[in-house]
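Contents: one structure, followed by commentary.
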Amino acid sequence: MSTPENSYRYDSTLAADIESRWQERWDAEGTFEAPNPTGDLAGDVSDERFPAGKFFIMDMFPYPSGAGLHVGHPLGYIATDVVGRYRRMTGHNVLHALGYDAFGLPAEQYAVQTGRHPRETTLENIGTMQRQLRRLGLAHDKRRSFATIDPEFVKWTQWIFLQIFDSWYDAERGTARPIRELVEKLGTDDPAVIDQHRLAYVSESPVNWCPGLGTVLANEEVTADGRSERGNFPVFKRNLKQWNMRITAYADRLVDDLERVDWPEPVKIMQRNWIGRSHGARVRFDLPETGDGVEVFTTRPDTLFGATYVVLAPEHELVERITTSAWPEGTQDAWTGGAATPAEAVAAYRAKAAAKTDAERQEDREKTGVFTGAFATNPVNGEAVPVFVADYVLTGYGTGAIMAVPGHDARDFEFATVFGLPTPRVVDGEGDLPFTGDGVAVNSANDEISLDGLGVAEAKARVIAWLEEKGRGTGTTTYRLRDWLFSRQRYWGEPFPIVYDEHDRPIALPESMLPVDLPEVPDYSPRTFEPDDVTSEPEPPLGRVQEWVHVELDLGDGPKQYRRETNTMPNWAGSSWYELRYTDPHNDAVVTDPANEAYWLGPRAEGETGGVDLYVGGVEHAVLHLLYARFWHKVLFDLGHVSSEEPFHRLFNQGYIQAYAYTDDRGAYVPAVDVQERDGGYFLGDQPVAREYGKMGKSLKNSVTPDDMYEEYGADTLRVYEMSMGPLDVSRPWETRAVVGSQRFLQRVWRLAVDEETGAPLATDEPADAATLSTLHRTIEGVRADMDAMRFNTAVAKLIELTNHLTREGVRSRQVLEPLVLMLAPLAPHVAEELWTRLGHEGSLAHVPYPAFDASLVVEETVTCVVQVQGKVRAKLEVAPSATEDELTALAMADANVQRAIDGREVRKVVVRAPKLVNVVV
RNA sequence: GCCGGGUUGGCGGAAUGGUAGACGCGACGGUCUCAAAAACCGUUGUCCGAGAGGGCGUACGGGUUCGAGUCCCGUACCCGGCACCA
């Protein structure tokens, strides 16, 4: 607390005073408002303040939870703010703002519990969060903030949906095109034909139906054991009519363009794995008895000579047709499933497979299956191979049928072992069967073709060419990626801008009718059922508002009755395009003006993708959000609405701040604040408690809030502490008692410039001594490099070293203090602004150029030369930086300690790296 | 199982193949003070030694190199993602 004696001491009270004054001033002066090329935010983008051009920074935007923030939440926001402020001082026009992702399940559930409208509670939460964040002093352009629930924002989310609905993918040209061009191309406008090609389409598809919650769930909302994350209710696969997005059309571009963006390699790998592109072949196995053929997909056509049986998924359409009426002569008992005929065996097996939930399928990994009685012909060697039905083959991938090569596939090998099938080797290499590594083909020849002696890649190419020539197969590519299930039976989401006509065909609403607002409903919850009631049907909340659902509209051919779509969009919709809205947040005529989009997001050189210059967020969005956003952006690019091919050019994943939590002997959490560490243990009073490590949260009783930190230390201290804890991309534990170190640092800087008792300025106009100048310029060089590389922890360390030097030497020269304050400004902006003013400057330092270093001053007068003998340090010499190798060798040899270490042995070699190192080898 | 990432003092963490432990927390000692707090100064990997100095140290075992926390091979453990995707 400040006292009358030292009311100019930099404590939390003074910090709070400084911080609120500067926050008000920044707001009043519009310090962080970034001009646009055109529109309502237009300004001079070629202003002399911006010699370095534009810089667009984004945070993954927050979901405004009712619980409020803890100190872990702002980590990324502080980091982007530091980058933004630094870029501003290096001459960039910086676009940085923060919106809110405000639709979603938590708000809906809260509404169900309290009966209050989710909009009301969501807006309240946004208000709370804005207050907490404002206190951090983030340099956002507040004119550009928005929430996904704003009607103006919803309008454009719905508009983008209509663009996607109104286009198709031209695979030949590799681009999306308007649907009218498909109508011209096909010469028909029959909806039954056209609707099948749309990028947004309705289809009957299997979804996660949770009767206990009364809604379908996204895959990510279902736990690994097949229950809902919320409520732990069972989840069933049900076929339901749903909206889908044809993201699979973009699979190749989504994979290929990963090479053109600057993202962490692990995230790229996760996206590649998720898309799961695999090259292989479709191969036809004839079934001579019925005249059918079964097409299988394989990534290893080179092992075709080792295929000893064929497996169909239980749901495969050919299963019933090919199953024979009696077991062939000599059928092994193990193949029959104990049934009298193949038809009975297959029917029983299919029934059992259908009854299994996904979770159960995952639990029983033992290979099961039954023989269909049918044989297929291996197209390369004419051998008759048995056809099985087994649930280890999945219906949704490839063709739902495989050729089994037990010698070179682990799953096939397991199955073959259980069913007593042969496992020939057709690839030679080091290792037992099943051998899946690279090797040389063996036993792989017929009269026309031989793969023997070829490597895997060559053998694949050779056999595919032969199959294509014979019309028995084709080289092909498949993907793991599925189309994006885009509807939810929820209230709190964007309504679809779609109505159905009397034929139940989806019709797009015209742009003039956007946005379609959510109606008021009597009850926000969907109808729920007994948790295990598999036969129940979902009833979306919007379906209950009959007067909203049934609507009379004139869509061009006179007023008619229509039925509205009652599903809503998933939570991902808003975040799939919000980067665009920051560039032109109030535009009512277009999603973003092309000039604004091109300036902030457009590619700056031939072949670049464009996109946000820096996007910071957690790695948990590595796949879903980032894939959806890339997909939408590419559609808009194809349709000519944006000039950038990718939404986010550079991605950075920040780590998390975690915390210790403590449990007593009953396993209950105790308040972490009250736990003391002593005698190598942890205690609550006299009671020993156990320590755990994990997320910060109310339930673990280990939350620390930003407000606690503002109160005790101030926002600048919190910012500096969070930036100095460690590298930004690494998770680390919070330690409140260490925060004081950052406060002491700021206090030392403050004391250099301000008299704590009187408030008088202490900076002098005397020039600094040579040693100090050298330290200063080395600091500037190092801090600039650290800031460029986002190594804020080491930047802070260097500033502390400089400050400690000045404190120790009593240097208060303006020549040093001014650059110190400017370098501190991105990290601790309020106190820096205050000191800048007290150093006699008017106006904010936000656009003052960041200090530059003088290379001639970076050189030190002497350097420490390390002398090693056999790689071990034996002496240190203070030498001139210009010392030559010979001089250094002579000095080293003259050192008594070095001679003692050499101990009379013959010197075989001397390695010198002037002027820092001499290594004597004996 | 597969694919990523990691493992450095009591703690968070620094280290272009060249002084391991910057900076901070904590701890210990000192200055100031009637006293305390704050501040400032000093010490702080570990073992041996009065000291000078020396031995050992970056999960573990090997290797490359004049020199390895850093590069290579293998092992263990921790965290994250995917999981019968042919």
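To find a chain, count down the sequence lines: A is the first, B the second, and so on, and within it residues start at 1. On a predicted model such as this, the values are computed, not experimentally measured, just so you know.
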Taking the minimum atom-to-atom distance to the side chain of [X], which one of [options] wins?
X        : options             : value
A/Met270 : B/G81, B/C23, B/C84 : B/G81
A/Val866 : B/U19, B/A86, B/C23 : B/U19
A/Asn919 : B/G18, B/G81, B/C3  : B/G18
A/Val740 : B/A15, B/G18, B/G26 : B/G26
A/Ile402 : B/G12, B/A86, B/C3  : B/A86
A/Arg9   : B/U19, B/A38, B/G24 : B/A38
A/Arg791 : B/G24, B/A14, B/A15 : B/A15
A/Val730 : B/G13, B/A14, B/C66 : B/G13
A/Pro727 : B/A86, B/C23, B/G13 : B/G13
A/Val393 : B/A14, B/C3, B/A86  : B/A86

Does [X] have a side-chain nitrogen or oxygen under 4.0 Å from the phosphate oxygens OP1 or OP2 of [N]?
X        : N     : answer
A/Asn273 : B/C2  : no
A/Thr794 : B/A22 : no
A/Arg751 : B/C40 : yes

Using a 4.0 Å heavy-atom cut-off across all strands, classify A/Gln868 as base, sugar-phosphate, or nothing.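 If one applies the 4.0 Å heavy-atom cut-off, A/Gln868 turns out to touch a base.
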Looking at every strand, decide which applies to A/Ile269 at a 4.0 Å heavy-atom threshold: base, sugar-phosphate, or nothing.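 Since only primed, P, OP1 and OP2 atoms lie under 4.0 Å of A/Ile269, the category is sugar-phosphate.
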Nearest-angstrom distance, [atom1] atom, [N] to [M]:
N     : M     : atom1 : answer
B/A22 : B/G29 : C1'   : 23 Å
B/G74 : B/G67 : P     : 23 Å
B/U8  : B/U70 : C1'   : 12 Å
B/G61 : B/C23 : C1'   : 34 Å
B/A15 : B/G24 : P     : 15 Å

Under 3.5 Å, which donor-acceptor pairs link side chains of residues 902-910 of chain A to any protein atom two or more places apart or in another chain?
| residue | atom | partner | partner atom | Å |
| --- | --- | --- | --- | --- |
| A/Arg905 | NE | A/Ile902 | O | 3.0 |
| A/Arg905 | NH2 | A/Ala901 | O | 2.9 |
| A/Arg908 | NH1 | A/Val922 | O | 3.3 |

Contact pattern, 5' to 3', of nucleotides 42-58 of chain B - B, S or - by protein heavy atom under 4.0 Å: -----------SSSS--
Separation of B/U16 C1' from A/Arg913 CZ (nearest whole Å):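 Interatomic distance, CZ of A/Arg913 to C1' of B/U16: 13 Å.
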All N/O contacts under 3.5 Å from nucleotides 5-11 of chain B to the protein, with atom names and distances to one decimal?
none

Identified stems (criterion: three or more consecutive Watson-Crick or G-U pairs, under 3.5 Å), RNA chain B: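 Listed by first number, the stems are B:1-7 with B:76-82, B:10-12 with B:23-25, B:26-31 with B:39-44, B:45-48 with B:53-56, B:59-63 with B:71-75.
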Taking the six-membered ring for Trp and the single ring otherwise, decide whether the centroids of A/Tyr713 and A/Tyr721 are under 6.0 Å apart.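 Judged by ring-centre distance (under 6.0 Å), A/Tyr713 and A/Tyr721 do not meet the cut-off.
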Among pairs that include at least one residue of residues 298-310 of chain A, which meet side-chain hydrogen bond (donor to acceptor under 3.5 Å, both in side chains), considering only residues two or more places apart or in two chains?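 Passing the test, one end in residues 298-310 of chain A: A/Arg300-A/Asp302, A/Tyr309-A/Tyr392.
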Sequence neighbours excluded - salt bridge (charged side-chain N to carboxylate O under 4.0 Å, His left out) pairs with any residue from residues 742-751 of chain A: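 Listed once each, the pairs are A/Arg751-A/Glu756.
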